[in-house]
*Asks:* 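The structure's right below; bear with me while I get my questions together.
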Amino acid sequence: MSYICPLCNGLVVPEQACPHCLQGLSECGKLDDYTGPYSPYELQVSSDMTDETKSICNHLMYCHHCQTSLLLPVSLWDLSGKE
Ligand SMILES: [Zn+2]
Ligand SMILES: [Zn+2]
C-alpha cells in the first residue's frame with residue numbers, strides 16, 4: 001500500500017479549531033490507538049464508514065478548554081506513481 005496518513009507521518013499539522021470555543025485543538029493520535037480495553041472518550045463514529053475507511057485515517061482531536069473531543073477524518077495521500 002502506498003497510502004500514507006500525512007498526520008501520522010508528521011507531514012502536516014492539524015489546524016482544526018474547536019467548534020465550541022474556537023481554540024486550537026490538540027491532536028491525540030489515531031483513533032485506532034483508542035480501541036483497546038478502555039476508551040477514555042465517548043466517540044460517535046458514523047456507521048456508514050465502509051469503503052471510505054481505507055483512505056481515511058481517523059484522528060482524535062481534543063479541546064482542553066471545553067473538554068470536547070471530536071473525530072477528524074484525514075484523507076490519506078496516495079503516493080503511488082510518485083517517488
Ligand atoms: Zn493518521
Ligand atoms: Zn473548545
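In listed order, ligands and their atoms are each counted from 1. As the structure is a prediction and not an experimental result, all values here were calculated from the model. For the numbers below, each heavy atom of this structure counts, side chains included, while hydrogens, waters and symmetry mates do not.
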*Asks:* Confirm or rule out an N/O/S atom of His64, from backbone or side chain, lying less than 2.8 Å from the Zn ion (ligand 2).
*Replies:*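 So His64 does not count as coordinating the Zn ion (ligand 2).
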*Asks:* Between Glu27 and Tyr62, does the side chain to side chain contact (heavy atoms under 4.5 Å, CB included) criterion hold? Intermediate values first, please.
*Replies:* CA-CA 6 Å; Glu27 204 267 324; Tyr62 182 73; over 6 Å; no
*Asks:* Can you tell if the side chain of Pro19 reaches within under 4.5 Å of the side chain of Leu70, non-hydrogen atoms only?
*Replies:*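 The answer is yes, as the side chains (C-beta and beyond) meet within the 4.5 Å cut-off.
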*Asks:* Below 2.8 Å, any N, O or S contact between His65 and the Zn ion (ligand 2)?
*Replies:*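 Of the N, O and S atoms in His65, none lies under 2.8 Å from the Zn ion (ligand 2), which means no.
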*Asks:* To the nearest 10 degrees, could you say what angle the Zn ion (ligand 2) makes with SG of Cys21 and SG of Cys18?
*Replies:*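 Taking the Zn ion (ligand 2) as the apex, I get 110° for this pair.
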*Asks:* No waters, cut-off 2.8 Å: how many protein N, O or S atoms are close to the Zn ion (ligand 1)?
*Replies:*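 Number of qualifying protein atoms: 4.
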*Asks:* Which distance, rounded to the nearest 0.5 Å, do you find between the SG of Cys8 and the NE2 of His59?
*Replies:* 3.5 Å
*Asks:* Please name all residues satisfying side chain to side chain contact (heavy atoms under 4.5 Å, CB included) with Leu11, sequence neighbours left out, ordered by chain then number.
*Replies:*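 Expected list: Ile4, Pro6, Asn9, Trp77.
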*Asks:* How long is the gap from CG on Asn58 to CG on Leu72, to the nearest 0.5 Å?
*Replies:* 8.5 Å
*Asks:* At the Zn ion (ligand 2), what is the angle formed between atom SG of Cys63 and atom SG of Cys66, rounded to the nearest 10°?
*Replies:* 110°
*Asks:* Looking only at non-hydrogen atoms, find the nearest pair between Ala17 and Leu22 and report the distance.
*Replies:*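 The pair with the smallest heavy-atom distance is CB-O, 4.2 Å.
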*Asks:* Does Glu15 CD have over 12 foreign heavy atoms under 6.0 Å away?
*Replies:* no
*Asks:* Rounded to the nearest 0.5 Å, what separates atom OG in Ser26 from atom NE2 in His65?
*Replies:* 7.5 Å
